[in-house]
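Below is one structure, written out as C-alpha cells, with a few remarks after it.
Protein chains get the first letters and strands the later ones, always in sequence-line order, with residue 1 at the start of each.
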Number of protein chains: 2
Amino acid sequence: MKDSGLTKTSSIQVIDRAAKLLNIMARYDDPISLKILAAEGELHPSTAFRILSSLIEHQFVERDDVGHYRLGIKLLHLGSHVRQSVELRQQAKPIITRLRDALGETVNLTVRENDEVVYVERAISGQMMRVEQVIGSRAPLHVTAVGKLMLAAAGEEECRQYAKRTGLPAYTHNTITDVENLIRHTSQALQNGFAYDNGEAEKSVGCIGVLIYSSTGEIAAGLSVSAPLERRKEEWVPLVIEAGKRLSESLGYFG
Amino acid sequence: MKDSGLTKTSSIQVIDRAAKLLNIMARYDDPISLKILAAEGELHPSTAFRILSSLIEHQFVERDDVGHYRLGIKLLHLGSHVRQSVELRQQAKPIITRLRDALGETVNLTVRENDEVVYVERAISGQMMRVEQVIGSRAPLHVTAVGKLMLAAAGEEECRQYAKRTGLPAYTHNTITDVENLIRHTSQALQNGFAYDNGEAEKSVGCIGVLIYSSTGEIAAGLSVSAPLERRKEEWVPLVIEAGKRLSESLGYFG
DNA sequence: AGTTTTGATTTCACATTATGAAAGATTCAG
DNA sequence: CTGAATCTTTCATAATGTGAAATCAAAACT
C-alpha cells in the first residue's frame, strides 16, 4: 500500500516507517506508548508493534516495564562514531578554507587507512590550473607528503614492513622506491615537522604536508597544500605548520 | 528467503539487514564501497544498494563523491538524544544504589512530565515489606515529595495554575487539596532543600525527596527514598540531601 | 471485587513489497 | 582505448510485511 502517495525515490517502506517511529521518539523526553507511536506514525498498531520489536532486537529502541518505548543505546554508539568523523571535518573546514585563501592553492585533509591515505575534506584553488583530488579517493602512503610523515611516525620497522608489503611502486620518476632512502627521507621530514611531495605521486605536482594530532596524542589526519611544482613556495611551510598546529589544538592536542 | 535460518523472534528482515549495514559501517573509520558492504552484509548488491538509498534519504547514511558510504548525521542527533537520558540514569544508578544500601529502603529517580512525575530509575529495598514503583509509571506532582519541590521551583503562579488544571484530587486523607496550603507547604519545602510525602500519594507510605539540577541549573530530576511511614526516619534527611548534591555535581551543577 | 473498556499482542490470509537475476551504465585499471 | 569491475536500474515473482480480527492483559470504573 502507498504511504503519503508521493515518494521522492523508490524508497523502502519499512525503513521509512522505522525512521518515522525513531523520529517520533526523539520528539519526546520520556518513553511513549504504542498507541501514541502508532497514531503519530499513522500505522496500524500491529505494524508499529512489529517494527518496534525489530528495532528493540538491534538496540535501536528500548521498552520499559510498562511497555513504553524510547530510543535505544545503539544510537548512542553509532552517534558517537559519527561525531568523531564529523568533528574532524567540521574543525578542519574553516582552517582548510583559510589556508587555501592565504596560499591560493588547493588544501586537502586526509586520514590513513592501512597503506593508503584517503581524502576526506578539501578546499579547492580558484585558479584555472589547479590540483584537485576527489573526496573518497586514495593514494599510497609513500608517494604523499603526509603519508611519508605517517610512515615515519610509525617507526623504522613499520617502514620496512610497508616497503615489503607494497614493493614501493614508482608512480613517477621522482617516486622513492628504495626502502633505505625512504626511511632516511621520512625520518628527516618528521624531525622537520613537515614533508614535501616533489612530483612523487603525480608528475609536476608538489605538496607540503603536516600531521594532525588528536587529544590523545595520536595521529588523527594529515593536512597538505598541493600546487603545480613551479608555483609551490618554500615560504608556505610555516603557514602550513601553523594551520596544522591550530587544527590539532582544536581537537584538544597541546603537545 | 531466509537469512541465517534461526530467528529468535519474528523479526523484520529489512530492519535486520539495515541494522547489519549500519553496524558494518561503524566498524570502519572511513567510508566503504557498496561491494564491501554487500559482501560483508551477505546481501545482493542491488538489495544493499536500495537499503542504503533509503537510509540516505533519512540521513542515517551518507554517500561521498566516489560512491562510498558512511554513517549519517541523523545518528548523531538521535544519539545525542539518547545520551541525555542515559547519562542521567547512568550517573544516578550508583548513587541511588548506595543510598538504598545505606538506608535499607527503596530509592527512586523521577523526571517531571507536565503535571506528573515519571519513575525512570530505582533501587529496591531488600525488605519483605517495601515500597515499589514500576519504572515508567507516573504520579501527580502534588502528592509526591519531589513533585511538590518541582511545583515550588516553578513559582507560586504556576502552582495556582496547576491547582486549577488538576483540581488537586485527594488520593488519601493526607493529600493536600487546598491551593493556599499547597503553596505555603511547597515554598517551605524548597527553602528547606527537601520535602516529605506523608502518606499523601498512598496511605502509610512516606518519602523524603530532593531536586537534581543539571549543568545549566535547570531541574533535571527528583530523587527520593520511600518507606512505610513507621520506618521513615528524620535522620535520613541529610543523607538524601547529600546524595542529591552528588548527583547534581556529577551532571555538572555546582550552584 | 467484579465488570467494562482500552491498550497490547498474536494469528492468519493475502496483497503488495522487496528481492535477486539480468541488463545497462559508469568507473576504474591496465 | 579497451576490458574488467562496480554501481545502478529494470522487471517478474517469491516471500515478506500488512492489517483485520481475535485474543490476552492491564487499566479504569462501579
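- Counting only distance, with no hydrogens or angles, the side chain of A:Y162 and the backbone of A:H142 share a donor-acceptor pair below 3.5 Å.
- For A:R17 and D:dG19, the shortest distance from a side-chain N or O to OP1 or OP2 is below 4.0 Å.
- Protein atom CD1 of A:I56 is 9 Å distant from nucleotide atom P of C:dT9, rounded to whole Å.
- Spacing between atom CD1 of A:I51 and atom C1' of D:dG17 amounts to 9 Å, rounded to whole angstrom units.
- For B:Q13 and D:dA14, the CD to P distance is 16 Å, given to the nearest whole Å.
- Under the 3.5 Å distance criterion, with hydrogens and angles disregarded, a donor-acceptor pair is assigned to the side chains of A:S11 and B:S54.
- B:R112 and B:E158 are joined by a salt bridge, as a carboxylate oxygen and a charged side-chain nitrogen come within less than 4.0 angstrom of each other.
- The distance from atom CG of A:D65 to atom P of D:dA27 is 12 Å, rounded to the nearest whole Å.
- As a whole-Å value, the separation of A:I15 CD1 from C:dT19 C1' is 13 Å.
- Of the charged side-chain nitrogens involved, at least one lies within less than 4.0 Å of a carboxylate oxygen, so that A:E180 and A:R160 count as a salt-bridged pair.
- A heavy-atom distance below 4.5 Å is not found between the side chains of B:T110 and B:V118.
- A donor-acceptor contact shorter than 3.5 Å is absent between the side chain of A:H58 and the backbone of A:F60.
- The salt bridge (charged side-chain N to carboxylate O under 4.0 Å, His left out) contacts involving residues 114-126 of chain A comprise A:K93-A:E121, A:D115-A:R165, A:E116-A:R138, where partners must be two or more places apart or lie in separate chains.
- Judged purely by distance below 3.5 Å, without hydrogens or angles, the side chains of B:N174 and B:K203 never pair a donor atom with an acceptor atom.
- The CD atom of B:E42 sits 15 Å away from the P atom of C:dT19 (whole-angstrom rounding).
- Between the axis at the start and the axis at the end of the helix from C:dA1-D:dT30 to C:dG30-D:dC1 there is an angle of 60°, using five pairs per end and rounding to 10 degrees.
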For this session: Kindly indicate, with the supporting measurements, whether the criterion side chain to side chain contact (heavy atoms under 4.5 Å, CB included) is fulfilled by B:R70 and B:D30.
Result: CA-CA 7 Å; B:R70 65 165 167 247; B:D30 299 302; over 6 Å; no

Enumerate all atom pairs, one protein N or O and one N or O from nucleotides 6-11 of chain D, separated by less than 3.5 Å.
unit_1: D:dT6; atom_1: OP1; unit_2: B:K35; atom_2: NZ; d: 3.4
unit_1: D:dT6; atom_1: OP2; unit_2: B:K35; atom_2: NZ; d: 3.1
unit_1: D:dC7; atom_1: OP1; unit_2: B:L34; atom_2: N; d: 3.2
unit_1: D:dC7; atom_1: OP2; unit_2: B:K35; atom_2: N; d: 2.8
unit_1: D:dT8; atom_1: OP2; unit_2: B:Y69; atom_2: OH; d: 3.4

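- When rounded to the nearest whole Å, the span between OH of A:Y171 and C1' of C:dA29 equals 11 Å.
- Between A:I12 atom CD1 and D:dG17 atom P there is a gap of 10 Å when expressed in whole angstrom units.
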